[in-house]
Amino acid sequence: MNWMTAEKPIETEQKFIGKQVTGSQALLISLLNEGVDTIFGYPGGAIMPVYDALYDFADDINHVLVRHEQGAIHAAQGYARVNGKVGVCMATSGPGATNLITGIADAIIDSTPLVCITGQVFRHLLGTDAFQETDVMGISMPVTKWNYQITSADEIPEILAKAFYIAKNGRPGPVLIDITKNAQVEKMTFNYKKCNHVRSYHPKPAIDTQKIAEAAELINSAQKPYLLVGHGILIAEAQTELLQFLEKTGIPAASTLLGLSAVPAGHPNYVGYLGMHGNYGPNVKTNECDVLIAVGMRFDDRVTGNINTYAKQAKVIHIEIDPAEIDKNVKTTVAILGDAKEALIALNQQVKPNQHQEWIAEFRACDKLEHEKVIQKDFAPSTEKLKMAEVIRMLSQKTEGQAIIVTDVGQHQMVATRYYEFQDTRTNVTSGGLGTMGFALPAAMGAKLGRMEKEVVAIIGDGGFQMTLQELATIFQYQIPVKIIVLNNNFLGMVRQWQQLFFERRYSFTELVNPDFVALVKAFGIDAEKVKEREELSEALDTMLASPKPYFLEIIVEKEDNVFPMVAAGTGVADIRLE
């Protein structure tokens with residue numbers, strides 16, 4: 001099936017009900033029953049029967065052959081993050097399965113719904129240290145929402161149904177299903193029933209109306225209320241309800257890294273980006289608000305800084321679907337356990353119309369200070385070399401904030417999230433909690449296949465690019481029209497910045513001697529260009545964005561450019577540095 005144009009034949013899976021099929025066929029039919037149209041994977045001995053069956057399902061399921069299993073899972077993550085579906089990836093046993101673990105760990109902390117399918121040796125060989133046997137159950141248990149080893153073909157439909165239910169309901173996350181080879185080749189009578197309940201698992205707690213009333217009372221009486229927008233807003237598809245809340249109450253709102261794009265940049269209530277390299281006002285004003293409302297976020301250390309000095313003056317309202325996150329880092333005054341969309345609908349009925357223009361003006365005053373101390377310098381052509389901020393601002397302008405931006409991890413990530421003005425939802429894809437270098441290139445492939453109608457641009461550093469650049473071959477093979485920008489400063493930039501600021505400029509093993517990226521990318525059959533001069537940037541971006549094919553830009557940027565503001569490790573949000 002051509003993923004660019006084809007549609008899945010209607011009800012292909014229905015013709016197998018009550019029929020004798022192999023476990024491998026049952027797996028694929030189960031995936032069809034869950035609406036899966038794309039799998040990212042890499043074959044091998046222990047998963048070979050599934051791949052053999054997949055040969056006959058080419059008209060029903062798009063399989064993208066990646067060049068490394070880590071590429072498969074990051075691509076599945078990108079696919080899931082932009083469209084809200086469950087991403088699916090597949091690998092063989094042993095090294096195939098272990099190569100997924102980094103992506104699984106990334107997905108669990110960033111709440112990304114995935115079903116990961118791995119092959120395993122025959123059941124009678126389990127525990128014998130057979131060729132390519134690894135205890136993937138033990139390895140993956142700490143980083144999966146659920147995992148299960150199938151040893152009989154009869155289990156496959158029920159377990160797959162349960163896997164999809166667990167992956168996407170409640171706080172989303174990755175599920176791993178390990179299937180022994182005998183289960184893949186055995187025959188069974190196929191039937192499928194979607195899972196809508198798992199005993200003792202309550203993914204969406206009922207909203208406590210008393211807690212809503214208590215929260216509304218705090219909000220209505222607050223003089224300086226402040227709302228933090230987390231990833232949970234996007235997961236719950238609560239963007240409309242959030243905007244209704246903000247516009248009714250007049251409360252200023254800032255976004256976490258993963259919450260970016262939930263509120264359009266430029267919205268009158270939006271005051272910026274939280275965190276270690278976030279905006280000045282959103283950080284310092286945390287310690288000045290009287291009511292702090294956190295929606296769908298977990299108060300991680302990059303947002304709070306020193307927890308002992310974080311928002312001690314504020315009454316905290318925490319709306320969160322995962323009970324494990326309530327009171328874990330920040331003690332709450334009112335905890336609302338449940339879905340963000342449902343909670344905001346209930347709150348919107350009880351909060352009173354209000355305005356907080358003087359309070360918002362305090363944030364705008366902080367913006368002026370940040371502009372003078374940081375932003376003005378980021379855009380001032382004080383050096384011959386381009387600055388990362390210049391590239392991101394021009395890209396934002398040329399795409400009108402509508403592109404899906406997939407960032408890797410490092411300085412470029414922080415600059416992109418600071419200066420790209422997101423106007424559309426689900427358009428910020430990045431590795432947040434785990435901070436996985438190498439994430440962006442494969443994730444951008446998945447994001448493009450997940451939303452073909454959107455422009456997808458990967459922003460990558462020269463270090464992270466070299467971790468998964470083999471996926472250029474996948475992009476070439478399937479002609480995935482993703483756009484790739486490498487901001488090249490010949491350094492592991494974020495580590496170098498810390499070495500400069502806190503280790504007396506002792507640049508220990510952070511300088512990179514890079515290959516000719518343009519020649520390398522062209523060897524993969526992808527159009528590529530290098531930008532060295534400021535005057536070349538605009539035309540190069542226009543050429544890239546106009547291309548109907550995959551396109552690569554290497555942009556040489558200032559070698560020792562630093563990202564500010566910055567909340568240094570161990571300090572509080574009020575101690576944020578502007579220089």
Side-chain angles (χ1 to χ4, degrees), residues 107-113 142-146 166-174 198 200-219 222 225-238 241-242 245 251 253-259 262 274-275 286-287 289-348 350-351 432-434 572-573:
I108 192 73
I109 201 166
D110 282 356
S111 305
T112 305
V143 290
T144 49
K145 192 175 177 185
W146 183 58
I166 291 173
K168 66 187 176 184
N169 283 281
R171 180 179 178 177
V198 173
S200 77
Y201 177 51
H202 305 288
K204 192 182 284 190
I207 300 293
D208 185 333
T209 56
Q210 178 60 36
K211 296 293 185 183
I212 293 291
E214 292 174 13
E217 184 178 355
L218 285 177
I219 292 165
Y226 182 27
L227 189 143
L228 310 183
V229 178
H231 190 199
I233 290 288
L234 295 164
I235 293 170
E237 298 182 349
E241 290 74 18
L242 174 66
F245 177 85
I251 293 175
S255 174
T256 66
L257 174 63
L258 293 184
L274 290 163
T286 306
N287 282 6
C289 66
D290 57 359
V291 173
L292 185 65
I293 310 151
V295 187
M297 52 90 75
R298 56 190 177 84
F299 288 112
D300 77 284
D301 63 296
R302 294 291 165 135
V303 164
T304 65
N306 184 345
I307 203 74
N308 295 319
T309 62
Y310 182 79
K312 293 302 180 183
Q313 80 295 337
K315 294 178 179 176
V316 178
I317 300 166
H318 194 182
I319 300 172
E320 171 59 48
I321 201 166
D322 184 355
E325 298 296 346
I326 300 291
D327 292 326
K328 184 177 81 173
N329 295 326
V330 173
K331 297 301 179 184
T332 57
T333 309
V334 178
I336 299 173
L337 186 62
D339 178 75
K341 188 184 187 83
E342 293 179 1
L344 285 171
I345 289 172
L347 264 181
N348 282 337
Q350 297 195 34
V351 291
L434 196 65
V573 290

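Predicted, not measured: the structure shown is a model, and the values here were computed from it.
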Does Thr333 reach the main-chain N or O of Val316 with its side chain, forming a donor-acceptor pair under 3.5 Å?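 Yes, Thr333 side chain to Val316 backbone: donor-acceptor pair under 3.5 Å.
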Can any side-chain N or O of Thr256 pair as donor or acceptor with the backbone N or O of Gly259 at less than 3.5 Å?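 Here the side-chain-to-backbone pair exists.
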*Heavy atoms of other groups near Glu217 CD, more than 12 under 6.0 Å*: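 It does not: Glu217 CD has 12 such atoms or fewer within range.
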inquiry  = Checking Ile233 against Leu344 for the side-chain contact (heavy atoms from CB on, under 4.5 Å) test, could you report, in this order, the C-alpha distance in whole Å, the side-chain angles of both residues, the deciding distance, and whether it holds?
reply    = CA-CA 10 Å; Ile233 290 288; Leu344 285 171; 3.7 Å; yes
- Could you name each residue pair satisfying ring-ring contact (aromatic ring centres under 6.0 Å, His included) that touches residues 311-344, not counting sequence neighbours?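 Sorted result for residues 311-344: Phe299-His318.
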Check your understanding: Would you say Pro174 and Thr112 make side-chain contact, with heavy atoms under 4.5 Å?
Key ->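 Of all side-chain heavy-atom pairs linking Thr112 with Pro174, none is under 4.5 Å.
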Working note: Val295 + Val229, criterion side-chain contact (heavy atoms from CB on, under 4.5 Å); need CA distance, chi angles, decisive distance, verdict. CA-CA 6 Å; Val295 187; Val229 178; over 6 Å; no
Once salt bridge (Lys or Arg N to Asp or Glu O under 4.0 Å) is applied, what residue pairs with a partner in residues 324-340 remain, sequence neighbours excluded?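 Pairs touching residues 324-340 that pass the test: Arg171-Glu325, Glu325-Lys328.
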Salt bridge (Lys or Arg N to Asp or Glu O under 4.0 Å) partners of residues 289-318, not counting sequence neighbours, each pair once:
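Applying salt bridge (Lys or Arg N to Asp or Glu O under 4.0 Å) to every pair that reaches into residues 289-318, excluding sequence neighbours, yields nothing.
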Rounded to the nearest 0.5 Å, what separation is found between the [atom1] atom of [X] and the [atom2] atom of [Y]?
| X | Y | atom1 | atom2 | answer |
| --- | --- | --- | --- | --- |
| Ile219 | Leu227 | CD1 | CG | 8.0 Å |
| Ile293 | Phe245 | CD1 | CZ | 4.5 Å |
| Ser111 | Lys145 | OG | NZ | 8.5 Å |
| Asn348 | Leu242 | CG | CG | 9.0 Å |

Nearest atoms (heavy-atom pairs only) where [X] meets [Y]:
| X | Y | value |
| --- | --- | --- |
| Cys289 | Tyr226 | CB-CB, 3.8 Å |
| Gln313 | Thr286 | NE2-O, 2.9 Å |
| Ala215 | Ile317 | O-CD1, 3.7 Å |
| Asp110 | Gly432 | OD2-N, 2.8 Å |
| Pro113 | Ala167 | CB-O, 3.4 Å |
| Ala238 | Ala340 | CB-C, 4.2 Å |

Can you sort out the partners of Lys341 under side-chain hydrogen bond (donor to acceptor under 3.5 Å, both in side chains), two or more places apart, ordered by chain and number?
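Residues passing side-chain hydrogen bond (donor to acceptor under 3.5 Å, both in side chains) with Lys341: Glu241.
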The side-chain hydrogen bond (donor to acceptor under 3.5 Å, both in side chains) partners of Glu214 (sequence neighbours excluded) come to Gln210
For this session: Begin with the C-alpha distance, continue with both residues' side-chain angles, and end with the deciding distance and a verdict on side-chain contact (heavy atoms from CB on, under 4.5 Å) for Leu228 and Leu292.
Result: CA-CA 8 Å; Leu228 310 183; Leu292 185 65; 3.8 Å; yes
Review point. Sequence neighbours excluded, which residues qualify as side-chain contact (heavy atoms from CB on, under 4.5 Å) partners of Pro323?
Key: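 So Pro323 forms a side-chain contact (heavy atoms from CB on, under 4.5 Å) with Leu337.
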| message | Exactly one of Ile212, Ile326, Ile336 should register a side-chain contact (heavy atoms from CB on, under 4.5 Å) with Ile319. Which one does? | response |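 The single option meeting the side-chain contact (heavy atoms from CB on, under 4.5 Å) with Ile319 is Ile336.
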Per side-chain contact (heavy atoms from CB on, under 4.5 Å), Pro203 is matched among Asp322, Val198, Asn169, Ile166 by Asn169
